[in-house]
Amino acid sequence: MTDTSSTGQARGEAPAPRRRALYRLMRYLPLVAPVLLWAVPCWVLLYAGQHWPAPVTAGGTALFVLGLVAMPLGMARGHGRRQQDAAAIVGDTLLGASWVLFTWSVLLGVLLRLALAVTGVGDGQDRARAVTWAVLGVSAVLLAWGYAEARRVPRVRRLDVRLPRLGAGLDGLRVVLVTDTHYGPLDRARWSARVCETVNSLEADLVCHTGDIADGTAERRRAQAAPLGSVRATHARVYVTGNHEYYSEAQGWVDLMDRLGWEPLRNRHLLLERGGDTLVVAGVDDVTAESSGLPGHRAHLAGALDGADPGLPVLLLAHQPAFVDRAAAAGVDLQLSGHTHGGQIWPFHHLVRLDQPALAGLSHHGARTVLYTSRGTGFWGPPFRVFAPSEITLLVLRSGN
């Protein structure tokens, strides 16, 4: 790999207009969401015609009130200034559990109740109690399964990606993508080591990490990130920052990845040469970098491509799929991203799609740009993955010839 990039930075672009309404909504979401997440299941399970004995109603209500208080408190103490891991585990777990309860309280509270009424099964109380047991049963199964999915070593997703401008000498280039490892309050050092063993078994030419390494500083999560130093690639290991690095001393993560033998592509590029052909491997800081206030941190695609031959194919690392509009305008051939987690806990993916142009997999943008969005290798916050499995991705690049 040959470093030919510029270190110049330029001011990032403003968010797309279609996302501004979502940002305004997000300001009020932290106030409204916890109440809805706990109040709706409480009503559906306890007060919608079940006529439970008074001790059951009182005890159930107390549990919901406790969850409503403990969830935001735990998340504030866990992810705020105090950074208390135990509090984060409690708050994050309650967030995931309440989301699943809310979702299935709404779905089964309407659909199952309607189906029972149409078929004439039971009276009002019987139908209400059937909904309660169905919601609790489905939620318990999904949370147990989702926890196992979140904690397992991800399956390898393999696919060929044809790039018309890729030279024949680079045909068959093996690119492995890991992203959104989110090392955090739950110690996953052993999981991290097993992920790296899986990556090494793929015999990659190029290994990419597209950010969100951890929740916490590099010093605090060093033990979980250390196995990344064992990753092997025949040409290079490259890394770009994600938005979560900018919540926890991003420069510390850049420095640690450099010490672990990874090339931080901070608005610069490298040249990968094989068989007489060349691929430009470029990377940009996350789009949230500029607002972090860190000197020199911002997404600058022109700087990343400065000095590169415009006739060469370009592989770009950018944490968020939303960056693809700029990549397509610049004629990038392939952008690799993460950030979305595939929604992580169904049906959260509908909200993700309001903010990002792609949720997971391959998509095409502009005249020639291909975007691959990974569902992520780890998980953020709630230790659950429901209908959004994690992945380690092997992309085999194919020449247009």
Side-chain angles (χ1 to χ4, degrees), residues 22-23 25-48 56-109 132 135-151 180 182-188 212 214-216 220 243-244 247-248 341 343-352 354-355 376 378-388:
L22 177 64
Y23 292 152
L25 175 64
M26 292 296 287
R27 294 177 186 175
Y28 303 101
L29 196 60
L31 300 176
V32 178
V35 176
L36 289 177
L37 288 177
W38 291 99
V40 170
C42 182
W43 176 262
V44 171
L45 301 182
L46 298 175
Y47 292 97
V56 174
T57 302
T61 302
L63 287 176
F64 279 107
V65 171
L66 179 62
L68 174 59
V69 173
M71 184 186 77
L73 182 62
M75 294 188 71
R77 287 178 172 269
H79 299 290
R81 292 182 179 179
R82 302 191 183 193
Q83 294 286 303
Q84 297 175 347
D85 283 351
I89 292 170
V90 171
D92 293 344
T93 301
L94 287 173
L95 174 61
S98 64
W99 175 256
V100 172
L101 273 173
F102 171 84
T103 298
W104 293 96
S105 293
V106 172
L107 292 178
L108 294 177
T132 295
V135 169
L136 292 176
V138 169
S139 297
V141 169
L142 288 178
L143 288 171
W145 173 60
Y147 181 80
E149 278 291 305
R151 298 302 301 269
D180 299 274
H182 283 285
Y183 303 125
L186 284 169
D187 188 0
R188 286 180 287 153
D212 279 9
D215 296 296
R220 190 168 190 179
N243 56 304
H244 278 250
Y247 307 149
S248 52
H341 298 203
Q344 188 163 321
I345 304 178
W346 186 90
F348 194 76
H349 67 283
H350 291 300
L351 296 179
V352 175
L354 294 175
D355 185 53
F379 60 87
W380 174 84
F384 308 106
R385 275 187 172 270
V386 178
F387 304 134

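All values reported here derive from a predicted model rather than from experimental measurement.
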Inset, instruction - Quick one: closest heavy-atom pair of G376 and D180, and the distance? - result: CA-CB, 4.2 Å
Legend entry - Heavy-atom side-chain contact between V65 and W38 under 4.5 Å: no
Inset, instruction - Would you confirm whether S98, through its side chain, and L95, through its main-chain N or O, come within 3.5 Å as a donor-acceptor pair? - result: yes
Inset, instruction - Of all the heavy-atom pairs spanning V56 and L46, show the shortest one and how long it is. - result: O-CD2, 4.4 Å
Inset, instruction - Working to the nearest 0.5 Å, report the span between CD of Q83 and OG of S248. - result: 7.5 Å
Inset, instruction - Given side-chain contact (heavy atoms from CB on, under 4.5 Å), test F64 with L45 step by step and report yes or no. - result: CA-CA 11 Å; F64 279 107; L45 301 182; 3.9 Å; yes
Inset, instruction - Report the distance from atom NE2 of H341 to atom CZ of F348, rounding to the nearest 0.5 Å. - result: 10.0 Å
Inset, instruction - Would you check if P382 and Y147 make a side-chain contact, meaning some heavy-atom pair closer than 4.5 Å? - result: no
Inset, instruction - With rounding to the nearest 0.5 Å, note down the distance linking CG in L186 to CG in D85. - result: 8.5 Å
Legend entry - Closest heavy-atom pair and its distance - G96, L143: O-CD2, 4.1 Å
Legend entry - Heavy-atom check, side chain of V135 versus side chain of P41, under 4.5 Å: no
Legend entry - Non-hydrogen atoms of G78 and A87 that approach each other most closely: N-CB, 4.0 Å
Legend entry - Parallel, tilted or perpendicular, as decided by the 30° and 60° cut-offs, for the rings of W43 and Y47: parallel
Inset, instruction - Starting at CD of Q344, measure out to CZ of F387 and round the result to the nearest 0.5 Å. - result: 14.0 Å
Legend entry - Verdict with reasoning, H79 to D92, per side-chain contact (heavy atoms from CB on, under 4.5 Å): CA-CA 10 Å; H79 299 290; D92 293 344; 2.9 Å; yes
Inset, instruction - Taking all heavy atoms of L142 and all of W104, pick out the closest pair and write down the distance. - result: CD1-NE1, 3.1 Å
Legend entry - Which atom of F102 lies closest to which atom of L36, heavy atoms considered: CD1-O, 3.5 Å
Legend entry - W145 side, atom CH2; R385 side, atom CZ - distance, nearest 0.5 Å: 11.0 Å
Legend entry - Derivation and outcome, side-chain contact (heavy atoms from CB on, under 4.5 Å), residues V100 and V138: CA-CA 9 Å; V100 172; V138 169; over 6 Å; no
Inset, instruction - Any chance you could measure F379, atom CZ, to R188, atom CZ, to the nearest 0.5 Å? - result: 4.0 Å
